[in-house]
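Only one structure is covered here, and it is reproduced in the block below.
By convention in this document, chain letters (A, B, ...) are assigned in the order of the sequence lines, proteins followed by strands, and residues within each chain are numbered from 1.
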There are 2 protein chains.
Amino acid sequence: MSEVAATGISVLLVDDHPIVRQGYRRVLESQGDLHVVAEADNAADAYGAFKAHDPDVVLLDISMPGASGLEAIRNIRARSPRARILVFTMHNEAVLVKSAFSAGASGFVTKSSEPSAVVAAIRAVARGERAMSDDIAHILAEDSLSAGSVLDQLGEREIEILRQFAGGATTEQIATHLNLSVKTVQNYHYLIKTKTGARTDAQLVRLAATCGLARI
Amino acid sequence: MSEVAATGISVLLVDDHPIVRQGYRRVLESQGDLHVVAEADNAADAYGAFKAHDPDVVLLDISMPGASGLEAIRNIRARSPRARILVFTMHNEAVLVKSAFSAGASGFVTKSSEPSAVVAAIRAVARGERAMSDDIAHILAEDSLSAGSVLDQLGEREIEILRQFAGGATTEQIATHLNLSVKTVQNYHYLIKTKTGARTDAQLVRLAATCGLARI
DNA sequence: ATCCGGCTTGGGAAATTTGCCCGAGCTGCA
DNA sequence: TGCAGCTCGGGCAAATTTCCCAAGCCGGAT
């Protein structure tokens, strides 16, 4: 499919919400030069779809249930290093953004971006450039200046588990989502509490909320 | 705008993500009988847009930053009791669904629903019916062992304990504050969870926060 | 008057979770 | 090569949660 690059940009759409995918598809295809060649609704299917269609750009929502979207990024990049992945999510925490880039993403735009900015980002990463929306640039910039928050002491896994926990997920649900044993999730839970100094689950939720990790 | 009802259903779109709104707009308008007459990107603007356009249906994403989407529902319904509000979100916790309905929503569909189900739900609420997606019905059904409208069924003591708990207090601290035995506080804690349908402490904190019981 | 129902307060016992310690594999870095 | 840190989980005592139950109190219904 990459030989159609001269006539347009092929896009693989990965998002777990059907109507959202359908909406994106219409928005992108109305651009003329963008063509959605495949869709996937979970991280596991993303690589299969990538291999089958070899798209110029993967538009990926990393806030998916099941395996982490970061996982999907690493998965694709590990086997196809020239893949261009544009992360597209409503989360805008600096930690997540940095994780995504270090996992191999080429760009990061939030869902609060204007459609034109998203489309521009797709074209940018298709050209091999790095792209991010204005709000993300802002957040990264401020983050690079500010001293570390509590979240900086937490690893990627810990952050992900804290996010899901604060979102209301059960220990079992988190274990299932991340393919971990319940015991491991419990250990992370405890570790997060000791690292952050939270003595109560409620304090943990409040902490996550004030750090922007969980929306309430 | 309600005089166009004979020729179709007018919809007000409330979601904080521009591209998501644009996608929904295209999906809905491709149906022929659905017309997006206005958009809003936050709860505060929702009522203004409602008053200005008097849509048949409000399609509302309640997972917005800033004011609670529940607030927006109450706002609109308080001043226009015949408004039809269809909540459209990716959250699927029973407590949230019940809160939305008791706030005055006419329907509740998740973003993991098929677009056709969403469209059907819009038509249903436009006819004055109640609508919800299959997964929501499932969750509510299982939850309906202990029915009720969430916070209203809690006693004074329960509310006070929930407030302190959500504020980050330890069980012992609550017991000391209220001059109760730890055992009693534990029993209340359990009782509150069963009454509200929260399965997790985190869900309890979120519930308290959305009900204005705790500030985060 | 009496009874019903709900709130408040706690005991008890089994099931789970927490708190903390541990080891092992892996990766990046010096 | 070796250290450091993340990830993943086992183990086990202590604590908490989950239910079930009882009793006193109070307001309202009979």
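No side-chain donor-acceptor contact under 3.5 Å links Arg127(A) to the backbone of Ile122(A).
Nearest to the side-chain atoms of Asn187(A) among the listed nucleotides dC21(C), dT8(C), dC8(D) stands dC21(C). Nearest nucleotide to the side chain of Tyr190(B), out of dC19(D), dT7(D), dC21(C): dC19(D).
Rounded to an integer number of Å, the gap from CD of Gln203(B) to C1' of dT17(D) is 16 Å. The separation between Leu204(B) atom CG and dT17(D) atom C1' is 13 Å, rounded to whole Å. Going from atom CG of Leu191(B) over to atom P of dT9(C) covers 12 Å, rounded to whole Å. Computed from coordinates, the Gln186(A) CD to dC8(D) C1' distance equals 13 Å when rounded to whole Å. Following rounding to the nearest Å, Glu172(A) (CD) and dT17(C) (C1') show an atom-to-atom distance of 10 Å. Regarding Glu156(A), its CD atom lies at a distance of 13 Å from the C1' atom of dT27(C), rounded to whole Å. Atom CD1 in Ile174(B) sits roughly 15 Å away from atom P in dT8(C) (whole-Å rounding). Between the CZ atom of Arg199(A) and the P atom of dC20(C) there is a distance of 10 Å, given to the nearest Å.
Using a 4.0 Å heavy-atom cutoff across all strands shown, Thr184(B) reaches at least one base atom of the nucleic acid.
Here Lys193(A) reaches the OP1 or OP2 of dG19(C): one of its side-chain N or O atoms lies under 4.0 Å away. For dG10(C), the OP1/OP2 oxygens have a side-chain nitrogen or oxygen of Ser181(B) closer than 4.0 Å.
The six-membered or imidazole ring of Tyr24(A) lies near that of Phe88(A), with a centre-to-centre distance under 6.0 Å.
Ion pairing of Glu160(B) with Arg157(B) is absent here, as no side-chain N (NZ or NE/NH1/NH2) approaches a carboxylate O to less than 4.0 Å.
Dense packing is recorded around CZ of Arg123(B), with more than 12 heavy atoms of other residues, nucleotides or ligands lying under 6.0 Å away. More than 12 heavy atoms of other residues, nucleotides or ligands shown are found within 6.0 angstrom of CG on Asp135(B).
The residue among Lys183(B) and Leu180(B) whose nearest nucleotide of DNA chain C lies closer to the 5′ end is Leu180(B).
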